[in-house]
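We name chains A, B, ... by the order of the sequence lines, and we start the count at 1 in each one.
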Amino acid sequence: MARKVPEINAGSMADISFLLLIFFLVTTTMDVDSGIVRRLPPPPDPTAPTPDVKERNVFNVLVNKSDRLFVESGWGDIRTLRAEAKEFLSNPQNREDLPEKRMENIPGLGEYPVSRGIISLKNDRGTSYDMYIQVQNELTAAVNELRDELSKQKFGVKFSELSNQRDIDAIQAAIPMSISEAEPENIGGK
Amino acid sequence: MARFKKEKSGELPAISTASMPDIIFMLLFFFMVTTTMREVTLKVKVVPPEASEVQKLEKKSLVSFIYIGPPTQSKMYGTESRIQLNDSFRTVNDIAEFIYNERETRPEADRGLLTTSLKVDKDVKMGVVTDVKQELRKVGAFKINYSTRKKAPRSN
């Protein structure tokens, strides 16, 4: 004789789920963490020889303790930094005083002149973090804009909209994110 | 034509609430998925700077946070920028241990992917940030992320 299983009353289901819902509503934080991603260099090896980098291949950016910029050989401005960095990295007219390019065979792009330029960023201990991030942001923007331009030219879409990993790697190889931070020095005090 | 005669009862028909649990469940799942529990209580004031070239932090579980900023209770702790790890004020020397502990809690396969997010107030001087970065380099935590707020890209 099959015993009849009593039906469970589901009337309070809504109440229970309401309770849970309110709990998650209260504890939730909707902020998405975002930021500028960087890769720190490994600690310097004292025995390793200092790499020989030609002067024309280095774009010096210095920020002093009162947040003023010194770009290459004169006072700089945060508003023109992006354009200057772009010109340095792309060197459209193949000028003698801007970085050399080396032809490299990149899968997916073929032969492409890769700039050997390096942006060297140096800041003081007294520089404000806000200014430092602004500078980092402008330099990153310069690289991103160049990548976008190349990507549009080759693949017809922006770099951030590329979906094929091979294309992404190709663009990244063609325009490397070459921002280097100098070893810290204490110049201007705290 | 009595068939088409409208019922003239003044009552409104009761709305069926049978699908209410389903709706609530849907909302519940949404919030369950999007929620992140706040693990630490902030003891320092952090107003991140704004930047336009930001990337989203992937894999929240593989991120450890370092907070740097002026203490919120400035009467008790002064206004000098302090470093907060987990729930307490620490110095630069504690960062190595903090990173080792963070690595311990993650599965072995994921340890190389650990990202350190620096949540730094915009008024902090770079000196302390540089010290922290040097310390991170020493322990091999190379992947870092400067936490920033999203700003509309500035057109030149």
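Heavy atoms closer than 4.5 Å to chain A are found in the backbone of Val128(B), but not in its side chain. Heavy-atom distances place the side chain of Tyr132(A), and not its backbone, under 4.5 Å from chain B. Both the backbone and the side chain of Leu20(A) come within contact range of chain B, each with at least one heavy atom under 4.5 Å from a heavy atom of that chain. In this structure, chain A has heavy atoms under 4.5 Å from both the backbone and the side chain of Lys143(B). With a threshold of 4.5 angstrom between heavy atoms, Val120(B) approaches chain A through its backbone and through its side chain.
Met177(A) and Leu81(A) fall within a single hydrophobic cluster, where Ile, Leu, Val, Met, Phe, Trp and Tyr are joined by side-chain heavy atoms under 4.5 Å apart, directly or via other members. By the criterion of side-chain heavy atoms lying less than 4.5 angstrom apart, applied directly or through intervening Ile, Leu, Val, Met, Phe, Trp or Tyr residues, Phe30(B) is grouped together with Phe24(A) in one hydrophobic cluster. Cluster annotation: Val37(A) is not connected to Val129(B) through the hydrophobic network of ILVMFWY side chains, with a link wherever side-chain heavy atoms come within less than 4.5 Å. Hydrophobic clustering, with ILVMFWY side chains joined whenever heavy atoms are under 4.5 angstrom apart, keeps Ile95(B) apart from Leu62(B). A single hydrophobic cluster is seen to contain both Leu40(A) and Val92(B), as judged by linkage of ILVMFWY side chains at heavy-atom distances under 4.5 Å, directly or through other members.
Across all non-hydrogen atoms, the minimal contact from Thr148(B) to Gly35(A) is OG1-CA, 3.4 Å. Heavy atoms only, all atoms of each residue included: Tyr129(A) and Asp121(B) are closest at CD2-O, 3.5 Å. When all heavy atoms of Asn137(A) and Glu53(B) are compared, the closest pair comes out as OD1-N, 2.9 Å. The heavy-atom pair separating Ile36(A) from Ala51(B) by the smallest distance is CD1-CB, 3.9 Å. For Pro21(B) against Ser17(A), the heavy-atom pair with the smallest separation is O-OG, 4.5 Å.
We find the CZ-OG1 distance between Arg39(A) and Thr115(B) to be 9.0 Å, quoted to the nearest 0.5 Å. Separating the CG atom in Asn144(A) from the CD atom in Gln55(B) is a distance of 7.5 Å, to the nearest 0.5 Å. Of the inter-residue distances, the one linking Ile24(B) atom CD1 with Leu21(A) atom CG reads 6.0 Å to the nearest 0.5 angstrom. In this structure, the separation between CG on Leu28(B) and CD1 on Ile16(A) is 11.5 Å, given to the nearest 0.5 Å.
Put simply, the side chain of Asn123(A) reaches to within 4.5 Å of the side chain of Thr130(B), judged on heavy atoms. Residues Lys122(B) and Ser128(A) have side chains not in contact (no heavy-atom distance under 4.5 Å, counting atoms from C-beta outward). For the pair Asp131(B)/Arg125(A), a side-chain contact is recorded, criterion being any heavy-atom separation below 4.5 Å from C-beta on.
Atom CD of Glu111(A) sits in a crowded spot, with more than 12 heavy atoms from other residues, nucleotides or ligands closer than 6.0 Å. Glu97(B) CD: 12 or fewer foreign heavy atoms inside a 6.0 Å radius.
Electrostatic pairing of Lys125(B) and Asp124(A) does not count as a salt bridge here, judged by no charged N lying under 4.0 Å from a carboxylate O.
Asp130(A) places no side-chain N or O within 3.5 Å of a backbone atom of Pro49(B) that could act as its donor or acceptor partner. Between the side chain of Gln134(A) and the main chain of Glu50(B), a donor-acceptor pair closer than 3.5 Å is present.
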